[in-house]
Amino acid sequence: MHITLAESSFSEDGRKRQRFDTIFGESQDRHGKCRCLSEAAYTAKISEDILLDDNFYVESLGSVSAVLSSNCLGWYALAEEENAVTCCLGVTEDTDEPNQLAISQIYGVEASQPFDTSNIEQIPFEAFSAELLKEVHHFTVHGYVKCSSQRGIWAPKMYSFYHTNHSVCERWANQIQAQLDKDIKRPRNLMVMINPHSGRKNASRTWEEVSPLFRRAKINTMVINTERPQHAFDIVNSTDDDKLRNLDGILIVGGDGLFNEVLNGLLLRRHRPNLPMKPPYHEKSQSCSRSPLSSDSDLLALSSTEATDTESTFSSGLSRQSDCASSNLSAALKSYDSSLAMDYESISYKDGGFIIPSIADNNDVLPGKPSSFTFPNPSFRIGIIPAGSTDSIAVSTTGCRNALTSALHIILGEKMPLDVVRLVSWKSTKDSAEELPRVRYAASFAGYGFYGDVIKESEPNRWMGPARYDYAGTKVFFQHKLYDAEISFIEPPELDSGLMPGSSDPEDSLLCKRNGNHRVKRAACRLNCGICLNKTDFSGTDGTNGTSHSQCSQRWKHVKGSYISVGAAVISCRNDKAPNGVASTAHLADGLLHLILIKDCSRLSYLWELNIAVLMSE
Ligand SMILES: Nc1ncnc2c1ncn2[C@@H]1O[C@H](COP(=O)(O)OP(=O)(O)OP(=O)(O)O)[C@@H](O)[C@H]1O
């Protein structure tokens, strides 16, 4: 298809039109050549359904012909200008960029306010570029560019189109907005939770930086600054579904701890599958001579609230913990809900509810009737803008730790499924000796032993900011405690075969991992990862997918011994210290929990293991 350029539409005032045509014509004559390559490129992209077609002035190109279709905005210079392409936020752009934006790349549009342009012709021509642009009307399209030097980073970019006729600008702005409004996956109403104490206490400033993007995108935000630990949990937990239903989701400006609080606030009341039965060690615990740990302290999801909560009941001072409590991880792993995910597209969705295969209602995992779980509405999501100390959820999902990038993903309605682990422990209360089940959900990591102790130790030192983890890690490392543990797990067969199916992008299969004496390639999980998009389902391996009880019992493996640490990564947990993650091959939604078991060994060997983990990750 060839696009015929429309007449310039400055027809209201003949003099004005002549003046503008002269200006555009001057530009063309002066440089003398049209950018036909751009024309070809963009006509190929523009579909048949042209909605608008006009000429404008664009600062870096001069006069342009612009066309809007239902899925693309394209423009090309009628004459080449030598103006430099502006850079946005220090991001280097490809100067040979195609002049087209898919509607899916546009997050906002606005037209300038109307004003009187009757004096345009009085502006001396020499002053055109500096003065005229201030006088003419324009509409601005807000899109983004991908940073060529830093993988994963996006930066907002504005494109302004100038015209002497305000109604033309308004018509374009309205039409583009109408196209954006058709995209139903974009959020319209969000609750925003800001933790002013996250990380380096920059969360409020981070929100100030990104909130203009939400305004431009016409997203309504209800902003809440959290005032204390558990505040976010209490708000989400106590808010009726009727109220949440008006929202498209909850946006967190903070770290992993705040994310986990909101997750628990959403799930604890709404996701009520059967509990696994108490593991057998609890019977033994009655006669145990050594001080047992509080059940909670065995498993610390990487949520500081968990750690704080645990602190008050933790019986510290034992370098070798009683096995009275050691099986909690076993119980928790057995109750791992391998197919619960935070995005409705990732799991079966029926009649407005999420169908989650049931968790065992017995001591072992049994196939059972699905337990129904309903989010407030089908498009409900949790978004995170990184402002914490570790930000592993933000880094593992977007591939970078950048507030503007996360904001753009959220505004454009990007969604990813996310596995969540359910942790169950049993605890007696002040009022009752009876141990009652306690449930928590975690989206990133659960740790027993070293990892749990680091979190516990770091909590009272929050004032140090992110450095508290280095301090706590060193301290706990030198304590070199051992923990008895019995771990039951099912290894999915695919993991034995090396390369797992992942993204089709070869760059996504670059990670190497030791496996015995040889290194194997594995797929790295990124946005649009093959495994997560295709929802590779390992859930059948845990017996929740119809496997008979006896079949699934045969697949359980049990290990028992003294461990320095027992870790369970739900996602890769990428962070600044381990850029490819604590569990580099973990996916956001593969339904797998990645066990990291460090057996009793010397401090030197453990240090070696820790360093190897980081080196491999890099
Ligand atoms: N106003 C507040 N004052 C003190 N603590 C708060 C407040 N609001 C929330 N919290 C607590 O701070 C905890 C940690 O916050 P958050 O995860 O946002 O930051 P972080 O711990 O620095 O980052 P990361 O979890 O990525 O390491 C939350 O679990 C929450 O309980």
Side-chain angles (χ1 to χ4, degrees), residues 191-207 210 223-238 250-268 296 299-312 382-398 400-403 406 418 420-421 423 440-447 451-473 476 567 569-579 581-582:
M191 180 190 282
V192 181
M193 298 251 184
I194 304 170
N195 177 1
H197 289 262
S198 288
R200 295 194 164 87
K201 303 194 189 329
N202 281 340
S204 302
R205 212 174 313 143
T206 302
W207 175 243
V210 299
V223 179
I224 299 171
N225 285 289
T226 57
E227 290 160 13
R228 56 180 168 79
Q230 286 284 44
H231 191 189
F233 172 87
D234 290 342
I235 291 172
V236 179
N237 190 48
S238 61
I250 299 175
L251 172 59
I252 283 139
V253 187
D256 299 339
L258 191 66
F259 186 97
N260 277 304
E261 253 191 48
V262 168
L263 181 72
N264 277 280
L266 266 177
L267 292 181
L268 267 176
D296 284 343
L299 277 169
L300 291 181
L302 285 190
S303 137
S304 43
T305 314
E306 295 282 304
T308 313
D309 198 7
T310 304
E311 182 76 354
S312 58
I382 309 180
I384 183 163
I385 304 239
S389 305
T390 323
D391 295 323
S392 70
I393 296 174
V395 181
S396 303
T397 47
T398 64
C400 62
R401 194 177 186 185
N402 181 280
S406 293
L418 190 63
V420 171
V421 63
L423 309 171
R440 284 291 177 272
Y441 295 87
S444 47
F445 196 89
Y451 291 114
D453 286 353
V454 171
I455 294 297
K456 186 169 70 71
E457 189 68 50
S458 68
E459 267 316 293
N461 298 306
R462 267 197 168 269
W463 57 271
M464 290 186 190
R468 71 186 184 276
Y469 291 128
D470 296 332
Y471 164 77
V476 173
V570 187
I571 57 176
S572 61
C573 299
R574 296 181 203 164
N575 60 72
D576 290 347
K577 291 204 165 60
V582 175

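Residue numbers run from 1 in the order of the sequence given. Both ligands and their constituent atoms are indexed starting at 1 by order of listing.
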With heavy atoms of [X] as the reference, note each atom of ligand 1 found under 4.0 Å away.
X	value
Gly199	19 (O), 20 (P), 22 (O)
Thr390	24 (P), 26 (O), 27 (O)
Gln230	31 (O)
Asp256	17 (O), 24 (P), 25 (O), 26 (O)
Gly254	18 (O)
Glu227	1 (N), 2 (C)
Gly257	17 (O), 25 (O), 29 (O)

Heavy-atom distance under 4.5 Å between the side chains of [X] and [Y], does that happen here?
X	Y	answer
Thr226	Glu261	no
Val223	Val192	yes
Arg228	Asp234	yes

Nearest heavy atom to atom 18 (O) of ligand 1, choosing from Pro196, Ser392, Ser198, belongs to Ser198
Filtering Pro386, Gly388, Ser389 for the heavy atom nearest atom 22 (O) of ligand 1 leaves Ser389
Sequence neighbours excluded, the answer for side-chain hydrogen bond (donor to acceptor under 3.5 Å, both in side chains) partners of Asn225 is none
* To do: Applying side-chain hydrogen bond (donor to acceptor under 3.5 Å, both in side chains), name anything that partners Asp391, two or more places apart in sequence or on another chain.
  =>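 Arg401.
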Touching ligand 1 at all, His231? Heavy atoms, strictly under 4.0 Å?
no
**Q.** N or O contact, Gly255 vs ligand 1, cut-off under 3.5 Å
**A.**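 In this structure, Gly255 places an N or O atom under 3.5 Å from an N or O of ligand 1.
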*asked:* Assess, by modelled atom type and distance only, whether the side chains of Ser392 and Asp256 contain a donor and an acceptor separated by less than 3.5 Å.
replied: yes
Taken to the nearest 0.5 Å, the spacing of Ile384 CD1 from Leu418 CG works out to 10.0 Å
Atom of Asn260, atom of Ala443 and distance for their closest heavy-atom approach:
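It is OD1-N, 3.0 Å.
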